[in-house]
Amino acid sequence: MNDIRKEVVIEAPIEKVWKFVGTAEGLAAWFMPNDMKPVEGEPFELQAGPWGTSVCRVTRVQAPSAFAFDWGKDWHLSFELEERGGQTHLTFIHGGWQEGMATEFGEPHDVVQPRMDGGWTGLVQKLKQVAEAGE
């Protein structure tokens with residue numbers, strides 16, 4: 001199965017966008033409440049609403065250009081940021097999708113993946129909005 005991939009240009013400098021990608025408070029502003037510390041190898045929890053708590057692990061912290069973490073047992077999320085003349089080009093990738101696999105909540109990847117793809121479209125736009133408006 002293909003990774004979910006989203007790209008967006010954010011009208012804000014990279015350091016400002018980084019705050020919404022590489023910090024617990026920033027992630028909570030547009031994604032989910034969490035107790036993430038931006039330290040490679042550190043476990044943390046996402047509060048996934050009706051799906052409960054998801055255990056995650058930070059896998060890459062390269063401020064202000066890259067942040068990545070494992071989400072649950074299968075998924076890997078990565079954020080690549082590139083400064084372009086006062087704007088930030090963000091590439092988001094949600095990988096780990098496999099045919100025949102199911103999430104820890106028992107849903108098949110091939111059912112969840114299209115739903116998550118649509119969800120990420122909205123979430124990346126929400127990230128853009130909060131980063132452009134935020135301090």
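Residues: numbered from 1 along the sequence shown.
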Student: Which pairs pass side-chain hydrogen bond (donor to acceptor under 3.5 Å, both in side chains) with one or both residues in residues 28-42, sequence neighbours excluded?
Tutor: none
Student: Within this structure, what is the CD-CZ distance for the pair Glu107 and Arg115, rounded to the nearest 0.5 Å?
Tutor: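 Answer for the CD-CZ pair, Glu107 versus Arg115, is 4.0 Å.
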Student: Over 60° means perpendicular and under 30° means parallel, so tell me whether Phe67 and Trp18 are parallel, tilted or perpendicular.
Tutor: perpendicular
Student: Would you check if Phe105 and Pro50 make a side-chain contact, meaning some heavy-atom pair closer than 4.5 Å?
Tutor: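 They are not in contact (no side-chain heavy atoms under 4.5 Å apart), so the answer is no.
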Student: For residues Pro43 and Arg57, report the shortest heavy-atom separation together with the two atoms involved.
Tutor: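 Reported closest heavy-atom pair: CD-NH1, 3.7 Å.
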Student: Quick check: does any side chain N or O of Gln129 sit under 3.5 Å from a backbone N or O of Glu132, one acting as donor and the other as acceptor?
Tutor: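 No; judged by distance alone, with no hydrogens or angles, the pair does not exist.
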Student: Supply the atom-to-atom distance His76 NE2 to Arg60 CZ, rounded to the nearest 0.5 angstrom.
Tutor: 8.5 Å
Student: Please report the shortest heavy-atom distance between Asp74 and Thr103, naming the atom on each side.
Tutor: OD2-CA, 4.1 Å
Student: Measuring from Ile10:CD1 to Gln125:CD, what's the distance to the nearest 0.5 Å?
Tutor: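 Ile10 atom CD1 to Gln125 atom CD measures 9.0 Å (nearest 0.5 Å).
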Student: Drop me the distance from Trp75's CH2 to Gln113's CD, to the nearest 0.5 angstrom.
Tutor: 10.0 Å
Student: How many angstroms lie between atom CG of Leu46 and atom CG of Leu27, to the nearest 0.5 angstrom?
Tutor: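 Leu46 CG to Leu27 CG: 7.5 Å, rounded to 0.5 Å.
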Student: Is any side-chain heavy atom of Val112 closer than 4.5 Å to one of Trp97?
Tutor: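 A side-chain contact exists here, since the closest heavy-atom pair is under 4.5 Å.
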Student: Do Thr53 and Gln47 have side-chain N/O donor and acceptor atoms under 3.5 Å apart?
Tutor: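 Side chains of Thr53 and Gln47: pair found under 3.5 Å.
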Student: Given 3.5 Å as the limit, does a donor-acceptor pair link the side chain of His89 with the main chain of Glu82, or not?
Tutor: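 Between the backbone of Glu82 and the side chain of His89 there is no qualifying donor-acceptor contact (under 3.5 Å).
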Student: Considering all heavy atoms of both residues, which atom of Val17 and which atom of Thr88 are nearest to each other, and what is their separation?
Tutor: CG2-OG1, 3.6 Å
Student: Looking only at non-hydrogen atoms, find the nearest pair between Ile14 and Glu83 and report the distance.
Tutor: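 Looking at all heavy atoms of both residues, the closest pair is CG2-OE1, 2.8 Å.
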Student: Any side-chain heavy atom of Met1 within less than 4.5 Å of one from Asp110?
Tutor: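 Yes. Closest side-chain heavy atoms under 4.5 Å.
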Student: If every non-hydrogen atom of Gly26 is compared with every non-hydrogen atom of Thr23, which pair is closest and at what distance?
Tutor: N-OG1, 2.9 Å
Student: Test side chain to side chain contact (heavy atoms under 4.5 Å, CB included) on Trp120 and Leu77 and set out the steps.
Tutor: CA-CA 11 Å; Trp120 281 117; Leu77 306 186; 3.9 Å; yes
Student: Grab the two heavy atoms, one from Met32 and one from Ala48, that are nearest each other, plus how far apart they are.
Tutor: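 It is SD-CA, 3.6 Å.
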Student: My understanding is that only one of Arg5, Glu7, Lys6 makes a side-chain contact (heavy atoms from CB on, under 4.5 Å) with Ile93; could you say which?
Tutor: Arg5
Student: Check the angle between the aromatic planes of Trp71 and Phe69 and answer parallel, tilted or perpendicular using the 30° and 60° thresholds.
Tutor: tilted
Student: Which value, rounded to the nearest 0.5 Å, describes the distance between Lys16 atom NZ and Leu81 atom CG?
Tutor: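 It comes to 13.5 Å.
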